Peer 1: 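Sharing a structure with you now.
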2 protein chains.
Amino acid sequence: MEHQRSDGNPKTARVPSGAAVMRAEVTTALTRSFFEEWARTGYAGLSLERVARTAGVGKAALYRRWPDKESMASDLLSHVGLTMTDVEQHGSLEADLYAVLVAIRRVLRHPKVRRILTDLHVEIERTPALGTAIRPLQRARRERINGLIDRAIKRRELSPMVDREMAADLIAAPLYWRMAVLGGRCDSAYIERLARITGAALRADTV
Amino acid sequence: MEHQRSDGNPKTARVPSGAAVMRAEVTTALTRSFFEEWARTGYAGLSLERVARTAGVGKAALYRRWPDKESMASDLLSHVGLTMTDVEQHGSLEADLYAVLVAIRRVLRHPKVRRILTDLHVEIERTPALGTAIRPLQRARRERINGLIDRAIKRRELSPMVDREMAADLIAAPLYWRMAVLGGRCDSAYIERLARITGAALRADTV
DNA sequence: TCTCAGCGGAACGCAACCGTTCCAACGGAT
DNA sequence: ATCCGTTGGAACGGTTGCGTTCCGCTGAGA
């Protein structure tokens, strides 16, 4: 049982003689269907049989790539691209906050992403491997918020004693709560207001 | 097919002559097992067969009470008691906030409650009836926060123009995010700090 | 052009759960 | 003491998914 995607590179592993190779289009179709079904049924109700079927692919093609659902999810999640708009240079804490909040909204606006993300957060309690897989993504978000705080401290807008952990909670939580948990909308005016108020909260954290 | 608990009162319905009645202890055991299993496997993976088994009860006893999983969940959820410590009278906005946050923490500290609640939030997207069932609970939480804001306005600590919806998000979200989503701990110092900072945020919302 | 692994598709045995039905036993209301 | 619906338990047929295996075909590397 070699499962190249689980613990090696995807589809160019081991070509001993003049022979075939796993076709990238099949892998792509399986990946698409996997996330599609995940958003539709949730992780627990996710059936690899149905993933293969909706991908228009035989089950064997799927099981040749991944041994089971957990491995497939971990592998696919760990390959999710992090399109980070590197370091932004806005003038003030509030402007930085606004930019970060807009970035979070951009992610949470996709219904499929929103469903998968919330479902994932719940499922991690039951399947710790999933948590390991998305750790790099979490780290990226955290780094971005840390950068924001560093710049604000350098600008003397925040105290150097500010609680970074709590700050990260304060920034991400309200938007996640409103959009992902309550399923509510959120226009630019809301974001702007939220940025202003969050800024005030952070400024108040002076130990 | 009469399902008394689904659309009538529980176990005293229709006693035509000298006869038996559904036993309350069986209903209790089923209820316990239902939530137990829910916390363990999640709603999607919840099996009524297993619920009956772990309750030490025949499947017939369960199906005599509820027609299916959704009805059972809705019914049980709508009977969850809301132990609200009515109206608290603390001196300041921050003291009120602290009390509300402690109350939220008290709920989210129970691992089973935490799991069921997060799972429920995800499942509502797929099963709207569950949302209807917990609406009274949500309303209670919202009323409590509204009361807190009203008192603060009366004390002239907050502007009458404060955005109540956003305020509700600001108060509940960080704690939910930290405890339920990230699975983190949170001591009294954290709560105290959070209350102070949230107070600053609300005071800053003056339109 | 040849070769061979990946391909779609179908089927396998196994397991779990659904919702229903039957039974003998129990237990509470009268 | 009698009655009658509930009880635990077992079994039903049907559905779904798992992970494996086999087939004949296809398509890309040599």
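Small disclaimer: the values here were computed from a predicted structure and weren't measured.
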Peer 1: Checking only heavy atoms, does the side chain of B:K59 share a donor-acceptor pair with the base of C:dG19 at less than 3.5 Å?
Peer 2: yes

Peer 1: Would you please name every residue forming a side chain to side chain contact (heavy atoms under 4.5 Å, CB included) with A:A99, sequence neighbours left out?
Peer 2: A:E88, A:H90

Peer 1: Given C:dG19, D:dT20, D:dT7, which nucleotide is nearest the side-chain atoms of B:R65?
Peer 2: D:dT7

Peer 1: Write down the atom of B:L148, the atom of B:V100, and the distance for their closest heavy-atom approach.
Peer 2: CD1-CG2, 3.4 Å

Peer 1: Heavy atoms only: give me the nearest A:A168-A:R142 pair and the separation to one decimal.
Peer 2: CB-NE, 3.8 Å

Peer 1: Let me check the geometry of the helix from C:dT1-D:dA30 to C:dT30-D:dA1. What is the bend angle between the axes at its two ends, five pairs each, to 10°?
Peer 2: 30°

Peer 1: What distance do B:I134 atom CD1 and B:R139 atom CZ have between them, rounded to the nearest 0.5 Å?
Peer 2: 12.0 Å

Peer 1: So how far is it from B:E36 CD to B:I116 CD1, rounded to the nearest 0.5 Å?
Peer 2: 8.5 Å

Peer 1: C:dC18 P sits how many Å from B:L62 CG, rounded?
Peer 2: 9 Å

Peer 1: Could you state the atom-to-atom distance from CD of B:E37 to P of C:dC18 in whole Å?
Peer 2: 11 Å

Peer 1: Rounded to whole Å, how long is the line connecting atom CE of A:M22 with atom C1' of D:dG27?
Peer 2: 16 Å

Peer 1: List every contact pair, protein side and nucleotides 22-26 of chain C side both N or O, where the distance is under 3.5 Å.
Peer 2:
none

Peer 1: For the pair A:D205 and A:M161, evaluate side-chain contact (heavy atoms from CB on, under 4.5 Å) and give the outcome as yes or no after the intermediate values.
Peer 2: CA-CA 8 Å; A:D205 189 21; A:M161 306 294 292; over 6 Å; no

Peer 1: Between B:Y43 and B:K69, is there a cation-pi geometry (under 6.0 Å to ring centre, at most 45° from the normal)?
Peer 2: yes

Peer 1: Take the angle between the ring planes of A:W38 and A:F35 and call it parallel below 30°, perpendicular above 60°, tilted in between.
Peer 2: parallel

Peer 1: Show me, pair by pair, the donor-acceptor contacts under 3.5 angstrom made by side chains of residues 171-185 of chain B, not counting sequence neighbours?
Peer 2:
unit_1: B:Y176; atom_1: OH; unit_2: B:H121; atom_2: ND1; d: 2.9
unit_1: B:R178; atom_1: NE; unit_2: A:D169; atom_2: OD2; d: 2.7
unit_1: B:R178; atom_1: NE; unit_2: B:Y190; atom_2: OH; d: 3.1
unit_1: B:R178; atom_1: NH1; unit_2: B:R185; atom_2: O; d: 3.1
unit_1: B:R178; atom_1: NH2; unit_2: A:E165; atom_2: OE2; d: 2.9
unit_1: B:R178; atom_1: NH2; unit_2: A:D169; atom_2: OD2; d: 3.3

Peer 1: Output a table of donor-acceptor pairs, distance under 3.5 Å, between side-chain atoms of residues 194-201 of chain B and any protein atom two or more places apart or on a different chain; print 'none' if there are none.
Peer 2:
unit_1: B:T198; atom_1: OG1; unit_2: B:L194; atom_2: O; d: 2.7

Peer 1: In terms of the nearest nucleotide of DNA chain C, which residue is placed more toward the 5' end: B:E25 or B:K69?
Peer 2: B:K69

Peer 1: Rounded to the nearest angstrom, tell me the gap between atom CD in B:E70 and atom P in C:dG19.
Peer 2: 11 Å

Peer 1: So if I take residues 39-58 of chain A and measure heavy-atom distances to DNA chain C, which residues fall below 4.0 Å?
Peer 2: A:G56, A:V57, A:G58

Peer 1: Whole-Å distance between D:dC18 P and A:W66 CH2?
Peer 2: 14 Å

Peer 1: Measuring from B:M72:CE to B:T31:OG1, what's the distance to the nearest 0.5 Å?
Peer 2: 5.5 Å

